[in-house]
*Asks:* 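Provided herewith is a single structure, encoded as structure tokens, for subsequent inquiry.
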There are 2 protein chains.
Amino acid sequence: MASTTSARPPGRPRTGVNAVVFAATLSTVRELGYARATVERIAAQAGVAKSTVYRRWPSKGELIVDCLLDAFGPVPLKGDSRAELMSSAIHWIAGKIGEPGVGDAFAGVFSDAVSDPALREILSSRLQDPYRLALQDALDEPENRVLFFIDVVVGTLLHRMGMTGEPMVDADVAALVAMVLPQLADDPGTAG
Amino acid sequence: MASTTSARPPGRPRTGVNAVVFAATLSTVRELGYARATVERIAAQAGVAKSTVYRRWPSKGELIVDCLLDAFGPVPLKGDSRAELMSSAIHWIAGKIGEPGVGDAFAGVFSDAVSDPALREILSSRLQDPYRLALQDALDEPENRVLFFIDVVVGTLLHRMGMTGEPMVDADVAALVAMVLPQLADDPGTAG
DNA sequence: GAGGTAGCGATACCCATGGTATCGAAACTA
DNA sequence: TAGTTTCGATACCATGGGTATCGCTACCTC
């Protein structure tokens with residue numbers, strides 16, 4: 001039994017262009033901004049037909065979400081204490097949002113989601129929830145608390161990006177960390 | 001000489017429909033969301049022609065910015081200490097963003113501004129700067145520090161609004177205040 | 001009251017963009 | 001070879017921001 005050969009569906013198999021499309025998405029967003037990064041331009045940049053993009057992603061929003069998931073990858077949860085975990089997570093997401101195209105794309109979908117409940121649901125369940133669950137587990141904090149932290153950290157980073165067009169500088173990221181860390185309940189042994 | 005009667009420009013004077021348009025803008029955004037609140041619909045809701053709207057505001061973005069300025073009004077800077085000032089300011093903006101239509105409209109323009117540098121400039125100079133200057137003065141904090149606070153507070157509130165479609169609840173606003181306040185340098189006499 | 005100016009409503013229009021539909025060709029399985 | 005599905009190309013539709021035009025109206029000045 002060669003692995004799951006027989007599981008392959010009939011018909012012409014898809015070519016492996018997802019990675020190319022993701023790269024084209026980020027580079028197009030970086031060059032032209034979110035709104036001018038049309039699906040047609042992204043497809044052209046990827047050397048692919050517009051219809052191919054729409055066959056794989058039902059909307060521009062879902063394309064961007066998948067692209068962001070690919071760009072982010074899993075949270076690197078390193079550190080011995082909860083403070084170190086939180087600190088490394090904040091630096092990680094700040095770095096990701098600072099990568100060329102990523103911040104613009106993130107702010108862009110987020111914006112679209114404001115007036116598109118379906119997209120909001122996708123953004124929340126596909127992008128936010130996995131990280132939320134990982135953080136809940138790693139930090140041992142309740143859901144509403146982790147949601148609050150995500151609002152603060154991601155909201156702050158996106159607001160800076162949206163207002164200035166530039167990612168937040170290291171000094172301000174450090175200030176963000178310094179502000180958030182004390183909000184974690186003291187580690188066992190530190191409190192009375 | 002009755003005041004500046006002669007300063008009135010020639011031609012038919014504008015009718016006082018600004019307030020009506022602002023109200024129509026918020027109610028339309030509240031009912032349909034930002035994207036579906038088209039200029040044509042807003043004009044119709046206000047009982048005004050689309051051309052009248054575009055004669056007064058050069059773009060949808062500027063209409064929304066003016067509408068928000070009208071809805072926000074000046075920051076009520078009350079409180080004897082800087083902590084009280086900051087706390088009241090946070091509660092104030094949280095309340096405003098929670099008003100029907102206001103949060104959606106805010107998140108909406110903000111989104112548009114991401115890929116529209118001209119709108120970003122308007123948003124920054126017309127909406128953010130006045131409040132930033134007032135806060136710098138009232139809190140006696142440097143510009144970059146106040147900008148950081150604005151990123152944190154407004155970013156957090158908008159992120160919650162954008163992700164859930166609902167304004168932040170009081171308990172979380174209180175948590176936001178509790179997180180930000182310690183970031184103000186201690187008042188004179190409190191520190192060593 | 002006549003003439004100039006500018007706001008107003010209505011309407012037609014242009015353009016960009018998200019998204020759909022169609023078609024012939026290609027790639028793969030059975 | 002028959003069947004299935006992808007691919008590229010293209011035409012197409014609907015929506016919405018923004019512009020332009022036109023006849024009308026309100027106001028000021030002479």
Side-chain angles (χ1 to χ4, degrees), chain A residues 2-18 20-21 24-25 28-29 32-65 67 105 108-109 111-116 118-119 122, chain B residues 1-18 20-21 24-25 28-29 32-65 105 108-109 111-116 118-119 122:
Chain A
S3 59
T4 52
T5 307
S6 60
R8 179 189 291 184
R12 177 177 177 172
R14 290 191 165 177
T15 53
V17 297
N18 279 31
V20 183
V21 173
T25 301
T28 305
V29 168
L32 304 176
Y34 182 79
R36 296 184 53 202
T38 69
V39 175
E40 218 155 15
R41 272 192 260 258
I42 290 171
Q45 175 89 9
V48 156
K50 180 185 175 185
S51 48
T52 297
V53 173
Y54 274 105
R55 193 174 299 109
R56 293 170 184 228
W57 296 277
S59 68
K60 179 180 178 180
E62 297 213 35
L63 165 62
I64 303 283
V65 168
C67 181
V109 246
S111 315
D112 281 358
V114 169
S115 29
D116 183 344
L119 180 55
I122 288 164
Chain B
M1 311 294 183
S3 58
T4 51
T5 308
S6 61
R8 179 189 292 181
R12 175 177 179 172
R14 292 189 165 177
T15 54
V17 297
N18 279 30
V20 183
V21 174
T25 300
T28 306
V29 168
L32 305 176
Y34 182 79
R36 294 184 54 203
T38 70
V39 174
E40 217 155 17
R41 273 193 258 257
I42 291 171
Q45 175 88 11
V48 154
K50 181 185 174 185
S51 48
T52 296
V53 173
Y54 274 106
R55 192 174 299 110
R56 295 172 183 228
W57 296 277
S59 69
K60 179 179 178 179
E62 296 212 34
L63 165 63
I64 302 284
V65 168
V109 246
S111 317
D112 281 358
V114 169
S115 30
D116 183 344
L119 180 55
I122 289 164

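The chains referred to below are lettered A, B, ... by the order of the sequence lines, with proteins before strands, and numbering in each begins at 1.
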*Asks:* For Tyr34(A) and for Pro13(A), find the nucleotide of DNA chain C with the closest heavy atom, then tell me which residue's nucleotide is more 5'.
*Replies:* Tyr34(A)

*Asks:* Can you find a donor-acceptor pair, distance only, under 3.5 Å between Arg12(A) side chain and dT5(D) base?
*Replies:* no

*Asks:* When you measure from the side-chain N and O atoms of Arg36(A) to the phosphate of dA16(C), is any distance below 4.0 Å, counting only OP1 and OP2?
*Replies:* no

*Asks:* Measure the distance from CG on Leu119(B) to P on dG17(D) and round it to the nearest whole Å.
*Replies:* 13 Å

*Asks:* Does the side chain of Arg8(A) get closer than 4.0 angstrom to OP1 or OP2 of dT5(D) through an N or O atom?
*Replies:* no

*Asks:* Which pairs with one or both residues in residues 37-63 of chain B pass salt bridge (charged side-chain N to carboxylate O under 4.0 Å, His left out), sequence neighbours excluded?
*Replies:* Glu62(B)-Arg126(B)

*Asks:* Figure out the CG/P separation between Asp112(B) and dT17(C), and round it to whole Å.
*Replies:* 14 Å

*Asks:* How would you list, by chain and number, every residue that makes a side chain to side chain contact (heavy atoms under 4.5 Å, CB included) with Ala35(A), sequence neighbours excluded?
*Replies:* Ser115(B)

*Asks:* Looking at Arg56(B), does any N or O in its side chain come under 4.0 Å of the phosphate oxygens OP1/OP2 on dC8(C)?
*Replies:* yes

*Asks:* Take the protein atom CD of Glu40(B) and the nucleotide atom C1' of dG9(C), then report the distance between them rounded to whole Å.
*Replies:* 13 Å

*Asks:* Write down the distance between OH (Tyr54(A)) and C1' (dT20(C)), rounded to a whole number of angstrom.
*Replies:* 10 Å

*Asks:* What is the minimum heavy-atom distance between Val29(A) and Ala105(A), and which atoms define it?
*Replies:* CG1-N, 3.7 Å

*Asks:* Please round to the nearest 0.5 Å and tell me the distance separating atom OH of Tyr34(A) and atom OG1 of Thr25(A).
*Replies:* 10.0 Å

*Asks:* Going from CH2 on Trp57(A) to OG1 on Thr52(A), what distance comes out if it is rounded to the nearest 0.5 angstrom?
*Replies:* 9.5 Å

*Asks:* Output the rounded distance in Å from CH2 (Trp57(B)) to C1' (dG17(D)).
*Replies:* 16 Å

*Asks:* Report the distance from atom OG1 of Thr38(B) to atom CD of Gln45(B), rounding to the nearest 0.5 Å.
*Replies:* 11.0 Å

*Asks:* Between residues 45-53 of chain B and DNA chain C, which residues have a heavy-atom gap below 4.0 Å?
*Replies:* Gly47(B), Val48(B), Ala49(B), Ser51(B), Thr52(B)

*Asks:* Measure from NZ on Lys60(A) to C1' on dT17(C) and round the result to the nearest Å.
*Replies:* 8 Å

*Asks:* Please report the distance, rounded to the nearest Å, between CD1 in Ile42(B) and C1' in dG18(D).
*Replies:* 14 Å

*Asks:* Let me know the distance between CG of Asp116(B) and P of dT17(C), rounded to the nearest Å.
*Replies:* 13 Å

*Asks:* Considering just the side-chain nitrogens and oxygens of Arg55(B), establish if one lies under 4.0 Å of OP1 or OP2 belonging to dC8(C).
*Replies:* yes

*Asks:* Taking for each residue the nucleotide of DNA chain C bearing the nearest heavy atom, is the 5' side occupied by Ser59(A) or by Pro10(B)?
*Replies:* Pro10(B)

*Asks:* Hey, what do you get for CD1 (Ile64(B)) to OG (Ser59(B)), rounding to the nearest 0.5 Å?
*Replies:* 9.5 Å

